[in-house]
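Note that the structure is predicted; figures quoted are calculated from it, not measured. Just so it is clear, the values below take in all heavy atoms, side chains as well, and ignore hydrogens, waters and symmetry mates. Proteins come first, then strands; the chains are lettered A, B, ... in the order of their sequence lines, and each starts at number 1.
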Amino acid sequence: MSATKKIIVPEIPPIEREMIALRIANMLEDGSYVNLGIGIPTLVSNWIEGRDINLQSEIGMLKCGPLAEDEEIEQDRINASCEFVMELPGSSYFDIGTSFAMIRGGHIDVAVLGALQVSASGDLAGWNNPARGMGAVGNIGGSMDLAVGAKKVIVAMDHVTVDGKAKILTECTYSLTAKACVDVIVTNYALIEVTPEGLVLKEAIDGVTAEDVQNMTAAPLIIADDFKEMEF
Amino acid sequence: MSATKKIIVPEIPPIEREMIALRIANMLEDGSYVNLGIGIPTLVSNWIEGRDINLQSEIGMLKCGPLAEDEEIEQDRINASCEFVMELPGSSYFDIGTSFAMIRGGHIDVAVLGALQVSASGDLAGWNNPARGMGAVGNIGGSMDLAVGAKKVIVAMDHVTVDGKAKILTECTYSLTAKACVDVIVTNYALIEVTPEGLVLKEAIDGVTAEDVQNMTAAPLIIADDFKEMEF
Amino acid sequence: MDKVYNTVEAAVEDVFDGAVIAFGGFFSAGRPAGLTKALAKRNVKDLTIVLQQVGPGNEEILDLVTNGQIRKAICNYPFPRSASKGADHPFEQAVKKGEIALEVFPMGTFVEKLRCAGAGLPAFYTPTGVGTVVAEGKEVRVFNGREALLELALTVDFTFVHAWKGDREGNLIYHDTAQNYNTAMAMAGAITIAEVEFLHAVGDLNGNGIHTPGIFVKRVVETGRPDLEIADI
Amino acid sequence: MDKVYNTVEAAVEDVFDGAVIAFGGFFSAGRPAGLTKALAKRNVKDLTIVLQQVGPGNEEILDLVTNGQIRKAICNYPFPRSASKGADHPFEQAVKKGEIALEVFPMGTFVEKLRCAGAGLPAFYTPTGVGTVVAEGKEVRVFNGREALLELALTVDFTFVHAWKGDREGNLIYHDTAQNYNTAMAMAGAITIAEVEFLHAVGDLNGNGIHTPGIFVKRVVETGRPDLEIADI
């Protein structure tokens, strides 16, 4: 089970990124404080309008609202992805020191993060793609703090790379964001939990078998007793 | 020169506490940020009205104003000595974490502190009088942070104890507030600077000689070339 | 999420024996007197209390002392200012007799230990206390030629704070010097409970002037503005 | 003390070769663009710059890069988000060629290093970065069964911040998410210089809602509200 294992992608088309986000939105509890990373995680915000879920943005905003457009744009009201956002009733602003006190201090219930690779023990590699050629430096941003600080870390990503390589591996080959931090992986094919026994396959999308998922995963999967079709 | 050295107090009466405070007030520079400890240091505030000196109170207030009386009293506006104070134009409030960031971070130009003892090398003992019988615990408060954090530490105290014992000693015998932190000592008889060479007697009050000061000081004094009468 | 409790009694109902509790406030400013009084009415004991001082000027804490509910106190200015008042003071005498264990930290270290706990930082170095009794048993290390002590984060089970304005989701604004320890302690508490003088609807407070964002606060109870009783310290 | 300077040029006049300078701001919010542009017009070099990232969305910093004024950068998200934009970006290419040294810290560590410098705390431990490239060469220590890294305070010679409202004594209020790094950096600077959109008389601002008390600020210059230019990141 190495990173070079031959990956077989099933003929069933994967779900869209928005559906990964929806599956994750359905996992979030009311009243929770949630931080959404750049990429697919940001799309989770489209599915929680009207729900009692408080988005934290590491730039220093709680109850971060939906994206602002046109005349709603205020240059001093952005999220950590540099997008203009709206205020909500009860929104608050604070400095980045306080923001990361929240993050490292265990006050964030869930962080949803993108990833380049996840290992069988929940190691996360998400900030440094060697293809960029910058060596040991790169855009760490808030990812390492979120990975170690949030009570629960959910990874949202495609199951394999665009050139068909495995992203779920026995060991990550890219530079780590944090060790043993991931709780759940939701991909465009499956939902996998990281447990002390290893990766447990809980759900696959309609038409995809457990064997199909294993065939595109370079780490061994334990099939859950209650393995089932992913529902939305 | 031990703590048990026989102390001879001159016949000239000492100056009042208010005059110690005035001498110190005259040492403060315009535009400076100053923290005043409990006791004689507090009296410095009576001499700076109208001057551009910003008092910091460790409870979390900058530009702490004069004492409030009667209907001026606001229960949520106090200094660190638990006295009700007035606001000034430009007063600001902050939490004690930020307050001690100011203090330890070198943002306070001068701290004026009381003391039980000061040593020849500028060690300060100010928080624990063994007579109280509480052993190693006591009212440390903000004194240790101020002693190490302020750019300049001025001690304001009586020259000898009420029962005629020396307070300026070769070594402190009481529990320390901080080592080698005192820059200047102003007493009811003299002004002494702490230098790498030792204690330098710079001023004595009218009618008191350098020898008089040495006779009530249990550490050797170097008489400054410009030794002179204390002026107000 | 609406975090409002109707009474101080309900808000402190689950405080357990042996709990570590931080109390905000400084003399007349920002003391959670309502929550503390409710705690004194409950039969919980072996408490560790974390606060600047135990009266005078903090009379409601004295009930916990005289009730025998306190096992340990962590303070920075524990006693009455004058030794003569201390001789009559139940807390000082309980410490003297060894009935209550007392740990004292310099004020800046005390507040930073709480902030670090709330911020997920397990320890820090500070120059404060080097060469004093505070340094006993602690690691000393030199940074840039200057000695500093290793101090550990202080985690607490419950924090009681007193705010001026609060909304139903726990956003808090303190009044002037009543901010004091409340801000850092609110971060440190696993369960932070806020009594507020004025309870506001969500959206009523200016989000750009919040001192404690609601994420740090689990419960809010409206107790009104306390009467000013000037203690003789 | 009146701390007002009439021009950004006068406010940055004494920045010297080799200085370490922290720049507040995050994309469109709270960037000290006026001060930075003034610095780019001065012939100072070998600068170490401390900031989140070097453009896009921080175009005025690019002038310092293309002028060859930068020796080192300390960042947490240094490059354009997309690799393809990075290939065209002068800063990323200067780092790649070794013309500019680059040090990267996780965002929470980065801001805490600055706060600690301002707060007189020489070092702290954080769990962030354990087991990653960030931990290389750093002490790892276990607290309560969990590993943490030793990180050092980051002192800076000058800090440039951008505030919404400021008074003549340096009290500052930032606007919404424009607070970002400005607060911690203002504490860290030996000389902190604030450009403000609106300059107020002393006493005009509410003392209970100040984000940066004036003690942290040495100079204030009014630059007005910047035009919104949305960078393509």
Quick one: of [options], who has the most non-hydrogen atom pairs under 4.5 Å with chain B?
options	value
C:Asn182, C:Val104, C:Leu114, C:Val95	C:Val104
C:Ala83, C:Ser84, C:Gly30, C:Ala87	C:Ala83
C:Val134, C:Asp176, C:Thr128, C:Thr132	C:Asp176
C:His211, C:Glu112, C:Arg146	C:Arg146
C:Glu92, C:Met107, C:Glu103, C:Lys96	C:Met107
C:Ala178, C:Ala135, C:Gly129, C:Pro106	C:Pro106

Salt bridge check, [Y] against [X]: does any charged N sit closer than 4.0 Å to a carboxylate O?
X	Y	answer
C:Lys138	C:Glu147	no
B:Asp183	B:Lys152	no
B:Lys63	B:Asp52	no

So for atom [atom1], which belongs to [X], do other residues, nucleotides or ligands contribute more than 12 heavy atoms lying within a distance under 6.0 Å?
X	atom1	answer
B:Glu72	CD	yes
B:Asp30	CG	yes
C:Gln93	CD	yes

Quiz prompt | chain B contact via C:Thr126 - which portion, at a heavy-atom distance below 4.5 Å | solution = side chain

Quiz prompt | Side chain, backbone, both or neither of C:Glu197 within contact of chain B (heavy atoms, under 4.5 Å) | solution = side chain

Practice problem: Please look at B:Asn129 and chain C and tell me whether the side chain, the backbone, both or neither of the residue comes under 4.5 angstrom of a heavy atom of that chain. | Solution: neither

Quiz item: For B:Ala136, is it the side chain, the backbone, both, or neither that has a heavy atom closer than 4.5 Å to a heavy atom of chain C?
Solution: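 Backbone plus side chain of B:Ala136, per the 4.5 Å heavy-atom cut-off to chain C.
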
Quiz item: With no hydrogens and no angle check, do the side chains of B:Glu58 and B:Asn35 hold a donor and an acceptor under 3.5 Å apart?
Solution: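 Result is yes, a qualifying pair exists.
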
Exercise. May I ask you to name which of B:Lys179, B:Arg104, B:Met61 has the most heavy-atom pairs under 4.5 Å with chain C?
Key: B:Arg104

Self-check item: Centroid-centroid distance, C:Phe110 to C:Tyr181, less than 6.0 Å
Solution: yes

Quiz item: Residues of residues 87-98 of chain B under 4.5 Å from chain C (heavy atom pairs)?
Solution: B:Glu87, B:Tyr93, B:Phe94, B:Asp95, B:Ile96, B:Gly97

Quiz item: How would you list, in number order, the residues of residues 118-125 of chain B that have a heavy atom less than 4.5 Å from chain C?
Solution: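 Not one residue of residues 118-125 of chain B has a heavy atom under 4.5 Å from chain C.
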
